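Structure first, commentary second.
All residue numbers refer to positions in the sequence shown, counting from 1. Small disclaimer: the values here were computed from a predicted structure and weren't measured.
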Amino acid sequence: MLQFQYQITATVTVFLGIFLSFATTGIAGRTSTYIRSQWPSSDIPLNDDVFAVPKGHNAPQQVHITQGDCDGKAVIISWVTPNEAGSSKVEYGTSEENYAFSAHGTVKSYTFYNYTSGFIHHCLVDGLEYDTRYYYKIGAGESAREFWFRTPPKIDPDAPYTFGIIGDLGQTYNSLSTLEHYMESGGQTVLFLGDLSYADRYKYDNIGLRWDSWGRFVERSTAYQPWIWSAGNHEIEYMPNIGEVFPFKAYLHRFPTPYLASNSSSPLWYAVRRASAHIIVLSSYSPFVKYSPQWMWLREELKKVDRRKTPWLIVLMHVPLYSSNLVHYMEGEGMRAVFESWFVQSKVDFIFAGHVHANERSYRISNIYYNLSRDDRYPVPDKSAPVYLTVGDGGNQEGLAGRFWDPQPEYSAFREASYGHSTLEIRNRTHAFYHWNRNDDGKKVPTDDVIFHNQYWASNLQRRRLKKNHSKVGGE
């Protein structure tokens, strides 16, 4: 167990003090010296096979699924038909090519400048059985397409499950490497940390076209397992110069979330339970100050968490609350000041964020006693605090964020500016394995591996052991 010693150095300025607040004995953080430079951070050309349009007239494309309820017994299946609306019907069943059930969805489209989207279908398929493979078919005639997905195990504190964590993906060759490596990882559901397509880096009608290409690009994974979505800054697409002033327009039309199931008032923040995890998705770019809708919702959602049923409490957002990277430095400070005390009180296990195009993992630290007049202005070790993990290294065209503070702050356990993805392998109520995998010039290289103890059950086990030992002493 790391032993930390808090120290304040008079010569350190307030600006840098946040990084130099405590020392460790035994194990220090590590900054990787690895530099990757093989592939350029440029988008794959639209005529590449990775963006291929499915064969057949009006064939469904850009297929993706997400969890459709609070507890994992429903999915929302989404797709686009390019030429005409067609049917929003989904046929499904537990045997391949034998569809005993059907559900009917909705269809809509949107415009962005002079671009008009295809017909976007969303269909809720509910009443599913846990831990069951379902086959489904969308489209009609020779243009119909078939896929499958597996529902999670029932809600149980010891249900094992593997989540993939991807952020800031884009559609470059590096993005493709990340996606292909993740698909080999055994991950069952992706926790996506925002910044999907980077279509907003294009102009005018090409923005919509790059949303379409990204949908086809990720379909190889998203059609077969849920991706739990969160929005980043590249989804805002506020462009008054071309008359587009409705934030998140493309994102909200294309990527539904089960926000109503968790009593949220917005698709941008919501919660789901899956296997042994309770997952909370927050919006870094929506109001979160006291009495705002997101603030009020989170206050109530944290009260609903039952660690006896879902011991692993995970929070997703786009902007990191802690980061030692110079890029986007302290952009999450506002949300940290508002929510950090709740996260500590609730003993959140992990907070995943993207935005910074690098990887970083913290120790368990907090800064909830910040008071400049008393010199309480630095983060300190806190066993009740979350581990903060930045996974903004999916592969987008903006490139890597390689400028870290030097020396490495001692709350930072590991950091590296390379492309990759993470997996969180939950074994039971007490242990989970975390892996960050670097894309090493096209190869998957495990780089940061950690075993974590659950915040709730680890402390309870310790209390029970102390109580048991005390009882023995008292009885002697």
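- Here the two rings, on Trp229 and Phe255, have centers that are under 6.0 Å apart.
- Salt bridge annotation for Glu416-Arg438: present, with a cationic side-chain nitrogen under 4.0 angstrom from a carboxylate oxygen.
- Side-chain atoms of Ser276 come within 3.5 Å of backbone atoms of Ala159 as a donor-acceptor pair (strictly under, hydrogens ignored).
- The backbone N or O of Ser412 lies less than 3.5 Å from no partner atom in the side chain of Arg415, so there is not a single donor-acceptor pair.
- At a threshold of 4.0 Å, the pair Arg216-Glu219 does not count as salt-bridged, since none of the basic side-chain nitrogens sits closer than that to a carboxylate oxygen.
- Looking only at atom types and distance, the side chain of His421 has no donor-acceptor partner in the side chain of His181 under 3.5 Å away.
- The shortest non-hydrogen separation linking Ser109 to Gly118 is CB-O, 3.4 Å.
- Ion pair Asp71/Arg273 flagged as a salt bridge, since at least one NZ, NE, NH1 or NH2 atom sits closer than 4.0 Å to an Asp/Glu carboxylate oxygen.
- Contact record, Ser418 with Trp436: O-CZ2, 3.8 Å, taken as the closest heavy-atom pair.
- Between the side chains of Ser197 and Gln171, no donor N or O sits under 3.5 Å from an acceptor N or O.
- In this structure, Ala277 and Ile314 approach most closely via the heavy-atom pair CB-CD1, 4.1 Å.
- Side-chain contact check for His64 and Gln225: no donor-acceptor pair (N or O, by modelled atom type) lies under 3.5 Å.
- Of the possible donor and acceptor atoms, none in the side chain of Glu301 sits under 3.5 Å from a partner among the backbone N and O of Ile280.
- Side-chain atoms of Asp212 and Tyr115 include a donor-acceptor pair closer than 3.5 Å.
- Heavy-atom minimum distance, Val63 versus Thr222: O-OG1, 2.8 Å.
- Between the side chain of Trp312 and the backbone N or O of Asn428 there is at least one donor-acceptor pair closer than 3.5 Å.
- For Asn396 and Tyr198, the side-chain atoms include at least one donor-acceptor pair closer than 3.5 Å.
- Side chain of Ser362 to main chain of Tyr388: a donor-acceptor pair is present (N/O by atom type, distance under 3.5 Å, no hydrogens or angles).
- Heavy atoms of other residues, nucleotides or ligands lying less than 6.0 angstrom from CG of Asp49 number 12 at most.
- From Leu169, atom CG reaches atom CG of Leu196 across 8.0 Å, with rounding to the nearest 0.5 Å.
- Checking side-chain atoms of Glu340 against main-chain N and O of Ala337 turns up no donor-acceptor pair under 3.5 Å.
- In this structure, Gly29 and Tyr363 approach most closely via the heavy-atom pair N-OH, 3.7 Å.
- Side-chain atoms of Asp449 and His435 include a donor-acceptor pair closer than 3.5 Å.
- A donor-acceptor contact shorter than 3.5 Å links the side chain of Ser346 to the backbone of Trp342.
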Self-check item: His431/Glu425 under side-chain hydrogen bond (donor to acceptor under 3.5 Å, both in side chains): CA gap, chis, key distance, verdict
Solution: CA-CA 9 Å; His431 290 78; Glu425 184 182 348; over 6 Å; no
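- Side chains of Asp43 and Gln397: a donor on one and an acceptor on the other come within 3.5 Å.
- Residue Asp195 forms a side chain to side chain donor-acceptor pair (under 3.5 Å) with just one option from His357, His355, His318, and that option is His318.
- Side-chain N or O atoms of Glu360 include one that pairs as donor or acceptor with a backbone N or O of Ser324 at under 3.5 Å.
- Side chain to side chain, Arg254 and Tyr110 meet the donor-acceptor criterion of an N or O pair below 3.5 Å.
- A donor atom on one side chain and an acceptor atom on the other are not found under 3.5 Å apart for Thr178 and Ser175.
- A side-chain donor-acceptor contact under 3.5 Å links Tyr161 and Arg274.
- Side-chain atoms of Lys249 come within 3.5 Å of backbone atoms of Thr111 as a donor-acceptor pair (strictly under, hydrogens ignored).
- Side-chain contact, Glu333 with Tyr322: no donor N or O sits under 3.5 Å from an acceptor N or O.
- For Ser221 and Trp227, the side-chain atoms include at least one donor-acceptor pair closer than 3.5 Å.
- A donor-acceptor pair under 3.5 Å links the side-chain atoms of Asp158 to the main chain of Arg429, judged by distance alone.
- There is no side-chain donor-acceptor pair under 3.5 Å between Tyr434 and Thr423.
- Using modelled atom types, one finds no donor on one side chain facing an acceptor on the other under 3.5 Å when comparing Trp405 with Asn325.
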Practice problem: Check the pair Phe112, Asp205 against side-chain contact (heavy atoms from CB on, under 4.5 Å), reporting the backbone distance first and the verdict last. | Solution: CA-CA 7 Å; Phe112 195 93; Asp205 296 348; over 6 Å; no
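- Heavy-atom neighbours of Lys290 NZ from other residues, nucleotides or ligands within 6.0 Å: at or below the threshold of 12.
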